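Since the structure comes first, as structure tokens, the remarks are kept for the end.
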Amino acid sequence: MKKEIKKLSFYVIMVIVFGSLMYLIAQKGSTQHSYTEETVAHAAEHGLTDGFRLFSHLTLEHIRSSIGLLLLQIIIILATCRIVGLLFKKIGQPSVIGEILAGIILGPSVLGYLFPQISSFVFPEGSLSNITILSQFGLILFMFTIGMELDLSVVRKRFQDTILISHASAIVPFFLGMLIAYYIYDDYAPAGTAFIPFALFIGIALSITAFPVLARIIQERGLTKTHLGSISLASAANGDLTAWCMLAAVVAYAQAGTMNSAVFNVLFSLIYTAVMLLVIRPFLRIIGDLYHNKEVVDKSLVAFIFFILLASSYVTEILGLHALFGAFLAGIIMPENLKFRKIMNEKVEDISLALFLPLFFVYTGLRTEIGLISGGDMWLLCGLFILAAVAGKVGGTMIAARISNENWKNSLYMGALMNTRGLMELVVLSIGLEMNILPPAVFVMLVLMTLVTTFMTSPLISFINLCFRASERIRFNRAERLKTDTFKVLLSFGRASNGQVMLDLAHQMFSKKPEKLEVTALHLTVGADINPLRTDTFEKVSFAPILYEANKLNMLIKTRYDVCDSAEQHICSIVNTEGFDFLLVGAGISMSDLSTDVTARKTWEKVFRILKRKNSERFLFYPGSLVKDKTKAFIEKSSCTTGIFANRGFIRAENILVIFNSGEDLVLLDYAANLQKSTGGFVKLMNRVSPTSGDSEAVTGALSAYLETATETAIPFEKNLTVDILKEADLMLASYETWLILSEECRETLQDMPSTFIIHHKKVNPF
């Protein structure tokens, strides 16, 4: 206490002494400047008015300054891209489509057309050079991460399997693109542009696949570790690698102007590529083996990696290939050690995707003026580009996949996946526009083709699933009729530690059933734009505790890690299509007794009380709120029984409290009996059924009969729920409907509840 008083006294004295001295200096300095009587009178009369006018003028000047305008542009760009991207994710589309569309919205096609004054103020023509430089730098970082995502070892292993599929998916649309270019060259090619680079560029534009978007779609649909997912990813990687090599050659030829000069561009580029792969890459492999965790990756190493990235981009730029090819190559030669790549990816990707790429989308949108497509002939040509792109990609991939002995569903699926273009297409188109190979009108047509083909990927996949679902359901039902000795539980957990406890509960609840217990542990990462490089780490960390517990219980469990946009929809889809008998999920933080969760609840309650919101504590955090909201989709949409588990320090169900509120709750006796067989615990029954209810006699009779058959382990039923009863229990069982009533009538009492298992029983799946 004395130390605190001493520090406070020193602080007060310091402020008074030095504040007084500074005031005296200011007063003394003011006397050295003389003011005329007219100046003093004018200041007294117009001081505030002129001051505000000057303030407004200076503020406007600051807004129009280079840095002020750039910051305003970035804020508007990021906000628009984020909002439109989220809207597209809500309808099941990749956010990249929304971000591309956001660029078009902010460009001359929408904002410039509807609000030209606002457009000219926010995006004056002279200011676009800053956005151009930033967007190009962002693309360099992005292509670096794309190179790191491309695992050459997978391409090599799958080369023979994917060479036909990947090259067919590129050659067929490439041919169609060159064929269209042949007929439109005279009317659309820019003056001075030779036919070969014009035709080759359109061919590449139609044949490219957006490897990053494809990887995230495969990841979102849980196909990463399947044959279909791995063969599609390897085919896309192989095809994109080929396409980028072709693009480099076309760019070199276009910049050289003649084939004789282009030969030297390509020759020196091949030499440079060989040096990167055969000299720099082995050296980096040693670094990757030494520096494979965040603790030892320091700023010097990060600076060295960035030096390689920028140097590679510079060399390919001066060789006439474009800086993006050098960035892509720098990513490819990074150490194959996945831990090292994950660390570098985390340092580069977030800032690239979150900040720089939206600038590129808007920069592309500012150059995309849909009004340039005028007349029926031009719109017909735009439709022809879309038709050729879709037919070439889907058709070429499908035929090659069938020849490679893939079934019809997988062949169509791969065709739909390979038809995704997204951001990679925009990169190619931007290079073509900058080099004056593509005219603005054709550029706009191909941008629209990019949007359409990327947008149609998810609906096309859903349509394929719908077409094959009927026959698969028939086969599934036949298999299910033959399989009657297995009880399948889907255990979906969030926190890794909670998954371990939920597995204990599932073992105690279902291990003594006549059927064989089959548990699938599911962990989801919400957000389909997560980088595939990071999922392995997330999966390993999330499943470590539950696998440890399974080993301790001598249980064989299946693990499943998926990435999705909507956890509820994804879980219900798994339950309904894969024939699970029971869905076990966690209740969340509204009923948790962890100190961090309790603090979060109290903080939110304080916020809502400050805002004077009526019933603020009921808005998010009261005993029934989150359970009611979170499980509504599970209960309404899942075809099996659902159990919601609120973990409050659960270890073993030795003292079990079962609450009955109607005749429908009698099924809980079966769950209680199963727990007794497993744990040998005591059961306390609480009959809250009103004596005037039609169920009263049936419930009382059933509970009495249960007590007669389980006298050693069951305790006669109670009538009223009290804190003492709750504190004596290790686990409370209640039906979902009863829980909703309890959470309203016994809110204060339930603050001291034990771990609770809330069950919504489906009669189609009898216990």
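Quick caveat: nothing in here was measured; it's all calculated off a predicted structure.
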Q | Side chains of S497 and V501 in contact at under 4.5 Å (non-hydrogen atoms) | A | no
message = Show, in sequence, the C-alpha distance, side-chain angles and deciding distance for T520 and L491, and conclude whether the side-chain contact (heavy atoms from CB on, under 4.5 Å) test is met.
response = CA-CA 6 Å; T520 299; L491 189 160; over 6 Å; no
Quiz item: Would you call D562 and H570 a side-chain contact if the rule is heavy atoms closer than 4.5 Å?
Solution: yes
Ignoring hydrogens and geometry, is there a side-chain-to-backbone donor-acceptor pair from N655 to D730 under 3.5 Å? no
A416 and I464 have their tightest heavy-atom pair at CB-CD1, 4.1 Å
Note: L669 and A702 closest approach over all heavy atoms is CD1-O, 4.2 Å
_Aromatic contact, F650 with F645 (centres under 6.0 Å)_ = yes
The salt bridge (Lys or Arg N to Asp or Glu O under 4.0 Å) partners of E406 (sequence neighbours excluded) come to none
Sorted by chain and residue number, the salt bridge (Lys or Arg N to Asp or Glu O under 4.0 Å) partners of K637 (sequence neighbours excluded) come out as none
Output for pair (L675 CG, R652 CZ), nearest 0.5 Å, gives 10.0 Å
On a heavy-atom basis, the closest approach of T749 and L726 is O-CD1, 3.2 Å
### Message
As a quick check of understanding, evaluate side-chain contact (heavy atoms from CB on, under 4.5 Å) for H760 and E737, giving each step before the final call.
### Response
CA-CA 8 Å; H760 185 266; E737 292 74 15; 3.1 Å; yes
Validation row: I571, L524 side chains within 4.5 angstrom (heavy atoms): yes
Exam field: side chain N674 to backbone D670, donor-acceptor pair closer than 3.5 Å: no
**Request:** Please report the C-alpha distance between L490 and I574 in whole Å, then the side-chain angles of each, then the deciding distance to 0.1 Å, and finally whether the side-chain contact (heavy atoms from CB on, under 4.5 Å) criterion is met.
**Result:** CA-CA 9 Å; L490 180 65; I574 293 173; 4.0 Å; yes
Review point. Is there a donor-acceptor pair closer than 3.5 Å between any side-chain N or O of S573 and the backbone N or O of Q569?
Key: no
Residue set satisfying salt bridge (Lys or Arg N to Asp or Glu O under 4.0 Å) with K558, at least two apart, ordered chain then number -> E518
Rounding to 0.5 Å, atoms CG (D752) and SG (C746) come to a distance of 12.5 Å
Side chains of K684 and I656, heavy atoms from C-beta outward: is any pair under 4.5 Å?
no
Within the structure provided, determine whether M555 and L517 are in side-chain contact (heavy-atom separation under 4.5 Å). yes
Discussion item. Between I644 and T756, is there a side-chain heavy-atom distance shorter than 4.5 Å?
Written reply: no
Taking every heavy atom of A653 against every heavy atom of Q508, the minimum-distance pair comes out as N-OE1, 3.0 Å
Nearest heavy-atom approach of H507 to S678 is O-OG, 4.1 Å
Sorted by chain and number, sequence neighbours left out, side chain to side chain contact (heavy atoms under 4.5 Å, CB included) with Q500 holds for P545, Y548, E549
Any side-chain heavy atom of D581 within less than 4.5 Å of one from T641? no
Review point. Can you check whether L740's main-chain N or O pairs, donor with acceptor, with S743's side chain at less than 3.5 Å?
Key: yes
Compute whether any side-chain donor of one residue and acceptor of the other, for Y671 and H761, lie under 3.5 angstrom apart. yes
> Using 30° and 60° as the class limits, which term best fits the ring planes of F757 and F582: parallel, tilted or perpendicular?
Replying inline: tilted
Here the pair of heavy atoms bringing I659 nearest to L668 is O-CD1, 3.6 Å
side-chain contact (heavy atoms from CB on, under 4.5 Å) between V683 and V658, intermediate numbers included: CA-CA 7 Å; V683 176; V658 189; 3.9 Å; yes
Side-chain donor/acceptor of K488 to backbone N/O of E578, under 3.5 Å: yes
Across all chains, not counting sequence neighbours, the ring pair (Phe, Tyr, Trp, His ring centres under 6.0 Å) partners of F88 are none
Taken to the nearest 0.5 Å, the spacing of I741 CD1 from N661 CG works out to 4.5 Å
Item checked: Centroid-centroid distance, F580 to F487, less than 6.0 Å -> no
Quiz item: Taking the side chain from R648 and the backbone from M753, do they hold a donor-acceptor pair closer than 3.5 Å?
Solution: yes
Taken in chain and number order and not counting sequence neighbours, the residues that satisfy side-chain hydrogen bond (donor to acceptor under 3.5 Å, both in side chains) with T738 are D665, S735
field: Under 3.5 Å: donor-acceptor pair, side chain of H523, backbone of F493
entry: yes
key: Note, I759 side chain near V667 side chain (heavy atom, < 4.5 Å)   = no
